[in-house]
Protein chains: 2
Amino acid sequence: MARVSQAHLDARRRQILDGARRCFTRNGFHATSMQDVFQETGLSSGAVYRYFRGKNDLITAVAEEAFERMRLAFESAGREAPLRPLDDVIDEVLSHVLEEHERESGTDRPGAFAELIVQVWSETLRDGQLAATLNAGYDRMRVMWAELVRTYQDAGRLRADVPTDHVVRALMALVQGSIVQRAVFKDVEVELRSGLRALLSPHA
Amino acid sequence: MARVSQAHLDARRRQILDGARRCFTRNGFHATSMQDVFQETGLSSGAVYRYFRGKNDLITAVAEEAFERMRLAFESAGREAPLRPLDDVIDEVLSHVLEEHERESGTDRPGAFAELIVQVWSETLRDGQLAATLNAGYDRMRVMWAELVRTYQDAGRLRADVPTDHVVRALMALVQGSIVQRAVFKDVEVELRSGLRALLSPHA
DNA sequence: GACCTTAAAACGAACGTTCCTTCTTGACAA
DNA sequence: TTGTCAAGAAGGAACGTTCGTTTTAAGGTC
């Protein structure tokens, strides 16, 4: 094939990213060899190296894509009907993060996305560039959620004598911690909403 | 039999564990080479391999020690005066986890312990044995904290129509998420307590 | 036939580990 | 107390393997 279509190129790139993601999820970024990726994608080294400069580029691409997906889950849940119960909002973020992704890419195990996110976090400790990308993304998340929390505070649904950003961080911590539990306690369906409801309205 | 004292053996073992921990925190378990460990500890390969069977044993030892430290932070905070405000209890766990450790081993950067914990979580995805150890530890934590939460529920400080275990998981998620933030947002002092207070008593 | 994609062999580098040597230690005889 | 010595502890070069990557050659399309 001399000249292939752009659609074909995109499909190949996606094929590589998907295979690499499965490898990385299963074995971690650094315990996965390029040979593993070649085998999982069904492609040879020449093909993979045509689309990615090297292993580190592959790691970065997979990591950024996973993080972006999580960020969008936060944003879309934050954009919906205002002043819903907060436990509903948080639960929706988690549903997006943990389940919708798995429905979409049918090849992954349940919990695979959570496992990948945990690995992305730990990769930031080694890769300053990736850390900068994640920090920028988290800044955007916090700005948007600050507006959301502010509406709750203004409406008297949350006390206003606490810095908005602190509340945002606490809410984000709830989601991040749930991702950790989903990744580490593989067998258990993490049921956050009811526990969160008990915390948010302790005197029902 | 001419041997060195047990104290000497223990000290050497600790020297290796400390050096390895610093390497692992800085570069991750798998991007750290044994050569790095030799250099950081100031010992030769022969010495290190006398105390540990191989790299994987070293990883396991460092990971289990870090996790055990976190588990003890949960337990000690849970044992103190009952029915304190929940945000105080959570904050104390975090103080133990994030700061006391750093005061103790003066060689580490701030946030180093949080970074290590994140790496331990991600290592469980690759090492089933370590995953089993962590799951057992988390079970113990949840049992103990279930008793704590139950006292709050019985005292009417938390609604009782929610399974105790769900509340425990939500509280643990708060701490775990804060650890994530501490590890990834290096520059920021995560201020969880006030944000948590706003969530716990929204109508102050 | 020209050109681009893919496959696969092959490369140097770096890895974890082993092995042999050297140094150090503590017990014990004198 | 001191000198001797066996054995444990540490050092460091070298090993075979596997890594990520490059190069080379075949295959296919226009």
Side-chain angles (χ1 to χ4, degrees), chain A residues 1-63 119 122-123 126-127 129-130, chain B residues 1-63 119 122-123 126-127 129-130:
Chain A
M1 353 169 205
R3 198 96 189 88
V4 294
S5 66
Q6 184 63 36
H8 177 265
L9 294 176
D10 292 346
R12 264 293 147 73
R13 190 185 154 89
R14 173 114 311 275
Q15 176 182 1
I16 295 169
L17 281 174
D18 286 345
R21 191 196 61 236
R22 285 193 295 272
C23 289
F24 291 155
T25 302
R26 193 188 310 128
N27 266 338
F29 290 122
H30 298 286
T32 295
S33 70
M34 290 299 274
Q35 313 292 335
D36 295 335
V37 175
F38 304 150
Q39 180 160 354
E40 179 75 30
T41 58
L43 294 173
S44 70
S45 59
V48 172
Y49 274 91
R50 180 159 309 280
Y51 290 85
F52 293 92
R53 183 184 292 247
K55 187 181 183 183
N56 220 63
D57 276 26
L58 212 42
I59 291 176
T60 301
V62 169
Q119 310 221 43
S122 83
E123 182 66 11
R126 218 187 57 83
D127 181 346
Q129 184 69 40
L130 183 63
Chain B
M1 276 173 278
R3 263 176 252 150
V4 293
S5 65
Q6 185 64 37
H8 173 85
L9 293 176
D10 292 346
R12 268 284 190 272
R13 191 185 153 88
R14 174 113 313 274
Q15 175 183 0
I16 295 169
L17 280 174
D18 286 344
R21 192 196 59 236
R22 284 192 295 273
C23 289
F24 291 156
T25 302
R26 194 188 310 129
N27 267 339
F29 290 123
H30 298 287
T32 295
S33 70
M34 289 300 273
Q35 312 293 334
D36 295 336
V37 175
F38 304 151
Q39 179 161 356
E40 180 75 30
T41 58
L43 294 172
S44 68
S45 59
V48 171
Y49 274 89
R50 181 161 304 282
Y51 290 85
F52 293 91
R53 183 185 293 246
K55 187 182 182 183
N56 219 64
D57 275 26
L58 211 42
I59 290 176
T60 301
V62 169
Q119 311 221 41
S122 83
E123 182 65 11
R126 219 188 56 83
D127 181 345
Q129 184 69 42
L130 182 63

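Please read all numbers here as calculations on a predicted model, not as lab measurements. A, B, ... follow the sequence lines: proteins, then strands. Residue 1 opens every chain.
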Taking [atom1] from [X] and [atom2] from [N], how many angstroms apart are they, rounded to a whole number?
X	N	atom1	atom2	result
B:Gln35	C:dA13	CD	C1'	13 Å
B:Tyr51	D:dA9	OH	C1'	7 Å
B:His8	D:dA7	NE2	P	19 Å
A:Phe38	C:dA8	CZ	C1'	11 Å
B:His30	C:dC15	NE2	P	14 Å
A:Leu43	D:dG20	CG	P	16 Å
B:Leu58	C:dC15	CG	C1'	15 Å
B:Tyr49	C:dC15	OH	P	12 Å

Exercise for the section: Could you tell me whether the side chain of B:Thr32 and the main chain of B:Cys23 form a donor-acceptor pair under 3.5 Å? Expected result: yes

Handout entry: Side-chain donor/acceptor of A:Gln119 to backbone N/O of A:Phe24, under 3.5 Å
Key = yes

Problem - Ion pair check, B:Asp18 and B:Arg14, cut-off under 4.0 Å - result: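 Judged by the 4.0 Å cut-off on N to carboxylate O distance, B:Asp18 and B:Arg14 do form a salt bridge.
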
Practice task
Report the nucleotide, chosen from D:dG11, C:dT6, C:dG16, that has the shortest atom-to-atom distance to any side-chain atom of B:Ser33.
Solution key: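 My answer, after comparing the listed nucleotides, is C:dG16.
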
Practice task
Can you figure out which of D:dG12, C:dA8, D:dT22 approaches the side chain of B:Ser44 most closely?
Solution key: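 Looking only at side-chain atoms, B:Ser44 lies closest to D:dG12.
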
Over all strands shown, is [X] touching base, sugar-phosphate only, or nothing at heavy-atom distances under 4.0 angstrom?
X	result
B:Phe52	nothing
B:Thr41	nothing
A:Gly54	sugar-phosphate
A:Arg50	base

Problem - N/O donor-acceptor pair, side chain A:Ser45 with base C:dT6, under 3.5 angstrom - result: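 Such a pair does not exist between side chain and base.
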
Exercise for the section: With the side chain counted from C-beta on, respond yes when B:Arg26 and B:Glu40 share a heavy-atom pair under 4.5 Å apart, and no when they do not. Expected result: yes

Practice task
Would you indicate whether the side-chain heavy atoms of B:His30 and A:Phe29 approach each other to under 4.5 Å?
Solution key: no

